[in-house]
2 protein chains.
Amino acid sequence: MDKKSKILAAALKLFVEQGFHSTPTSAIAKAAGVANGTLFHYFKTKDELILGLYADIKKDSLSKILQGIEEQLSVKAKVKTIWFNSINWSNAEKERHNFKQQFMNSPYASQLVEEEIEEELKFFSTIINEGIEKKILKDIPIDLIYHISHYQMLAIVSYLNLNQHLIEDADFYELAFELYWDNIKRV
Amino acid sequence: MDKKSKILAAALKLFVEQGFHSTPTSAIAKAAGVANGTLFHYFKTKDELILGLYADIKKDSLSKILQGIEEQLSVKAKVKTIWFNSINWSNAEKERHNFKQQFMNSPYASQLVEEEIEEELKFFSTIINEGIEKKILKDIPIDLIYHISHYQMLAIVSYLNLNQHLIEDADFYELAFELYWDNIKRV
DNA sequence: ATACTGACTGACTAATCACTCTACAAGAGT
DNA sequence: ACTCTTGTAGAGTGATTAGTCAGTCAGTAT
């Protein structure tokens, strides 16, 4: 692993444990096993490191979430795939998930360009749109469906964190997905 | 307003704007119009101030959320009241809401005693339990319903923040509540 | 009057922080 | 052999921070 990756990995771990501002750059460098100056060689400022780490994580999450989406799948199958991918990613990448949440709920989030926020929504929208047109999904605003979907997944991830024994329980996922699907499907 | 309240108010504003750790205690004291030492007279450490502010906000939120709950109301009416109260509180107290979110997603959250977290759940549980027993609500774990409810409200609050024009739209609230109710009611 | 209390002050300090600077090493291109 | 670039190091710096401390002052009880 090159030093830049080591710095990012160490930063992720420490930020999640201690928060952005109570994690000194010196501690990150030390944990990464590099010199103080090396950190600033790769990231001009601490903020750039934080923003860079977020961008990194978002990219990773997005690519994992879109895996296995095929055009010919039914709307429900597509939605289910995204739903599973999202929750699996959050379960598998707890630190990254926590960082994302901490970041999104911090004043840093407002430093993001609007466009960046929309990237995930853009993809989801296509599928939701298809569902609405085919009268499979409720005819309500797309970004309302997106918000509800996003937060329902967060709810499941949070619930699973408190009930670790369910993480391997396939039945639970089926139940949770059907709960979600009932919420957005047309009746 | 006494100085302690002024300190809490100033801290709230600055924490939401700049985050916990990039808000110096000196800035809080200045914004509150008190001397530096006064802040430490009321709060032994900065952490105690942050934790104290959270406790304050939680108390306020809880009391507002429980308003108008009467024993003789139907389960649906009770749930609806809580749902409306919660969303109204978040809309009206944006800064407090943001602080709560920032706090809950930060490493500070883990400093909380388990009991404290459960306070809100305890009240909600009684109602959910009644609903399950009367076969009005789905027969799934109470804290799963709680998680789904909590996050669905967050979704609506977040959606309203991006669509301010709906904040006064009574129809929207009815729609959003029915969406939620469909999710948890027995079919 | 006297004594006492506790809110309040703001200059002060020791520690910590983000970031800079100089130096050096290894490789690549000429 | 020569520079030029890139990566790496870590001591150093000026600014900033949380928290302290010695003391002022208004109010209250005796």
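Order of the sequence lines sets the chain letters (A, B, ...), proteins ahead of strands, with each chain counted from 1. Here the structure is a predicted model, which is why all the values come from computation and not from measurement.
Every residue meeting the side-chain contact (heavy atoms from CB on, under 4.5 Å) condition with B:S74, not counting sequence neighbours, appears here in chain and number order: B:K76, B:A77. The side-chain contact (heavy atoms from CB on, under 4.5 Å) search around A:S86 returns A:I65, A:I82, A:M153, not counting sequence neighbours. Legend: residues meeting side chain to side chain donor-acceptor pair (under 3.5 Å) with B:D60, ordered by chain and number and at least two apart, are B:K64, B:W89. When the side chain to side chain donor-acceptor pair (under 3.5 Å) test is applied to A:H147, the partners found at least two apart in sequence or on another chain are B:S158. With sequence neighbours excluded, no residue forms a side chain to side chain donor-acceptor pair (under 3.5 Å) with A:N163. In this structure B:Q18 satisfies the side-chain contact (heavy atoms from CB on, under 4.5 Å) test together with B:L14, B:S22, B:T23, sequence neighbours excluded.
For the residue pair A:D47 / A:Y108, a side-chain donor-acceptor distance below 3.5 Å is found, with atom types taken as modelled.
You can see that DNA chain D meets the heavy atoms of chain B within a 4.0 Å-exclusive cut from D:dT17 to D:dT20, reading 5' to 3'.
The residue A:S22 sits apart from the nucleic acid: no heavy atom pair falls under 4.0 Å.
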Indicate for each nucleotide in nucleotides 19-28 of chain C, in 5' to 3' sequence, whether protein heavy atoms under 4.0 Å reach the base (B), only the sugar-phosphate (S), or nothing (-). BB--------
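In the hydrophobic clustering (ILVMFWY side chains linked at under 4.5 Å, chained through shared members), A:Y151 is joined by A:L154, B:Y151, B:L154. In this structure, B:L73 shares a hydrophobic cluster with no other residue, the cluster being traced through Ile, Leu, Val, Met, Phe, Trp and Tyr side chains under 4.5 angstrom apart.
The distance between atom CD1 of B:I28 and atom P of C:dT9, rounded to the nearest whole Å, is 15 Å. Atom NE2 in B:H41 sits roughly 15 Å away from atom P in C:dG10 (whole-Å rounding). Atom pair A:L49:CG and C:dC17:P shows a separation of 15 Å (rounding to whole Å applied).
Applying the salt bridge (charged side-chain N to carboxylate O under 4.0 Å, His left out) test to every pair with at least one member in residues 147-165 of chain B, sequence neighbours left out, gives no pairs at all.
Sorted by residue number, the list of members of residues 3-12 of chain B with any non-hydrogen atom under 4.0 Å from DNA chain D is empty.
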